[in-house]
There are 10 protein chains.
Amino acid sequence: MKYLVHMEVDIPRDLPAEERSAVIAREKEYSQQLQRDGRWPEIWRVVGEYANYSVFDVGSHDELHELLQGLPLFPYMTIDVTPLAAHPSDIKA
Amino acid sequence: MKYLVHMEVDIPRDLPAEERSAVIAREKEYSQQLQRDGRWPEIWRVVGEYANYSVFDVGSHDELHELLQGLPLFPYMTIDVTPLAAHPSDIKA
Amino acid sequence: MKYLVHMEVDIPRDLPAEERSAVIAREKEYSQQLQRDGRWPEIWRVVGEYANYSVFDVGSHDELHELLQGLPLFPYMTIDVTPLAAHPSDIKA
Amino acid sequence: MKYLVHMEVDIPRDLPAEERSAVIAREKEYSQQLQRDGRWPEIWRVVGEYANYSVFDVGSHDELHELLQGLPLFPYMTIDVTPLAAHPSDIKA
Amino acid sequence: MKYLVHMEVDIPRDLPAEERSAVIAREKEYSQQLQRDGRWPEIWRVVGEYANYSVFDVGSHDELHELLQGLPLFPYMTIDVTPLAAHPSDIKA
Amino acid sequence: MKYLVHMEVDIPRDLPAEERSAVIAREKEYSQQLQRDGRWPEIWRVVGEYANYSVFDVGSHDELHELLQGLPLFPYMTIDVTPLAAHPSDIKA
Amino acid sequence: MKYLVHMEVDIPRDLPAEERSAVIAREKEYSQQLQRDGRWPEIWRVVGEYANYSVFDVGSHDELHELLQGLPLFPYMTIDVTPLAAHPSDIKA
Amino acid sequence: MKYLVHMEVDIPRDLPAEERSAVIAREKEYSQQLQRDGRWPEIWRVVGEYANYSVFDVGSHDELHELLQGLPLFPYMTIDVTPLAAHPSDIKA
Amino acid sequence: MKYLVHMEVDIPRDLPAEERSAVIAREKEYSQQLQRDGRWPEIWRVVGEYANYSVFDVGSHDELHELLQGLPLFPYMTIDVTPLAAHPSDIKA
Amino acid sequence: MKYLVHMEVDIPRDLPAEERSAVIAREKEYSQQLQRDGRWPEIWRVVGEYANYSVFDVGSHDELHELLQGLPLFPYMTIDVTPLAAHPSDIKA
């Protein structure tokens, strides 16, 4: 099942620089792991913003919430989730 | 270049039924043509709404505007366009 | 899987009275059928509005969209869907 | 009487870790106590957010306000309350 | 139990003048009946708008919804309901 | 002249506890003084929020502003004022 | 007492041209009468919109509501009223 | 040329009291200077808020921006500017 | 003086086709005349919308309002105007 | 390809004065470099705000994002990007 997920990141300025770098590195690793196993098939940067639009493909709401809550940047994110259904015009559906 | 496009459809109730069916059929054909030539790679239904989120992949803003303006349902749509850049964590980028 | 669904109804004034009554009756029957088979476990009226909050329990986004799209009042509704996950404090989870 | 309650939690980053854990534990205990005595019959996590939708079933506005104000996380919450009436299509009503 | 209710009225222009006058007269009578029996203790005009803020004092959400739904102008109103609790500083509480 | 006033309170977390208690006590005293002299005839708690809806009855905008500005909690409040006129259906008008 | 009033005008397209001209002429006459007697001291056009910002100077909310409700264009207006108090820096106050 | 300007003030709590008093005094002097030379003809307090609506009368956008940017409280303000044109009903125009 | 102007167009569906074509042709001619005389130096289509962002360069608010009000499509437009000042980093200023 | 970009700046008060001056100076230099090479053809101050509207002219979304992300003030900005297409009435197109 697909979900469109919008994530906006706002890392507090007073986070020490090394902690900041570390959490961003862990976020990247975490994201790429999920991309590789097929559960996070798309991720795009919103132009001009520290934000992304992503597509997740998972088996349940609970699974998606667990994945999002596990994001290293989760404490600094505002997340918005839209469930997606098959479109009758989709040639792949 | 990728764009996330949100389309909300509101066909007026007083459109004759056959005209309505015809425009929906033309919309489907138009969309599938663009899906096949690779310029409209993704289309999803927003659950519970007469709306979709789509990804377009075209060479310029002008090209995208021409495609959207040519949609048979364009006169009945509210469209919102978000330009997408490559994300540094994207394993495909 | 649970979804919170908000439905606002706005039946056009120029719908003939008997058509109006008929569609409301079909809506009730449709809703009660889904309540009985367990897929629409909760429905509440929002006080002072022609609107409801409902909980749906279905297997997929596609199934939910099909159910909502089939509502006799669907053409006159504005629908908003929120996916719900298990809460860690829920004594039933 | 039923109320739909939306709670968004935003615990300040500078709350000491042990205080944070303690308040979350007290919140859980408080919530489960109310779930057991029937006044907080439903609680769901909003997917991707530190937020929940809950249903309360109490005898009066005053009682609900007292319960909500007593939440250990109340100082860190934004709460929105919607009164719910019986729906004419509800098979349980 | 008290509720603050905001009602905005938008009577369609194509309602025949006599029907318009009749529904406004019935609304006034309906409102004054409820004011007299104590369930609609306050009603104020919002300056510059065809709208009012009212206070209702009823026994349950269901009772309030029934009263509001019965308003002769209900089909032309947008209604917003806020449940009110006793305030700790209220000298009358 | 009547005004509907909505006050939302947000006391900063770093206000020392005794200062916090003191300002809340002064606020209560200030409010009750104005309730007693008839200029603040109604105050209700908004359920689930640190907010109130109040009715003020004063002789002029300047008088109301002076009263509100003098609230001990004024520095921590967001205030919204709506002027109220007599309603033609009001049986007390 | 001063009030800032924002008026947005939306005359329905199907109003016959002569009726439209007549109501606009009556509006102008009505406005100028109130300007001359000092109760409508300021009126400005919002650039690019069929809207104005005005200042009214009247003795009570009831008087203002009566004036606004009597505007020939009132049925086609959306009106927003802000009560104004003397400013401590005003050299005229 | 006239502009309607809305200014909302939010002085940070941690500004030392004497600095706060000083900046408010400088703001008053600055405002009154501009009122006297005719470029800031109107200033009103918004009832219940630390905000004002003002009218400026200057020769160009650049001049207005320079004046506003020079406000001692500018760093703590949220400002909104609306250009005003002559109204065809204005008896002074 | 520069203004950024956002125009959204919504031509009613029931406007006869020839009237529609005629008004669009007159709009184009009107716009190009102003572009040629330097008062409308920039006009861009907002991608996916029947809307434009334009820059106007005129001597006063009154002149701009007169130009906008004279647009053949003015009755079908929603217009938003932002006054622009010179930017200190502008190499042309 | 053109983009309209809105940038709002909010430099934290606790940034040391020399750091503040330095970042503003770097921002100016960075902006003027891009203006000179033709990729940032327009920049205007929004009157009364620490904000600008700019036009960028670049070859791709990725290029724009890279430019914006490289702004010295980027960490303190809220940026909004609108893709612009050629307008059929543009005499320069």
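Computed from a prediction, not measured in an experiment: that's the story for all the values here. Residue numbers start from 1 in every chain, and the chains themselves are labelled A, B, ... in the order their sequence lines are given, proteins ahead of strands.
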Distance (rounded to the nearest 0.5 Å) between I:Tyr3 OH and I:Leu68 CG:
10.0 Å
Distance (rounded to the nearest 0.5 Å) between J:Arg36 CZ and J:Ser31 OG
9.0 Å
Can you check whether anything in residues 42-63 of chain J gets within less than 4.5 Å of chain I, heavy-atom wise, and list it by number?
J:Glu42, J:Ile43, J:Trp44, J:Arg45, J:Val46, J:Val47, J:Asn52, J:Tyr53, J:Val55
Counting only non-hydrogen atoms closer than 4.5 Å, can you tell me which residues of residues 5-30 of chain J sit against chain I?
J:Lys28
Just to be sure I understand the criterion: a residue of residues 72-93 of chain I counts if one of its heavy atoms is under 4.5 Å from a heavy atom of chain J. Which ones qualify?
I:Thr82, I:Pro83, I:Leu84, I:Ala85, I:Ala86, I:His87, I:Pro88, I:Ser89, I:Asp90, I:Ile91, I:Lys92
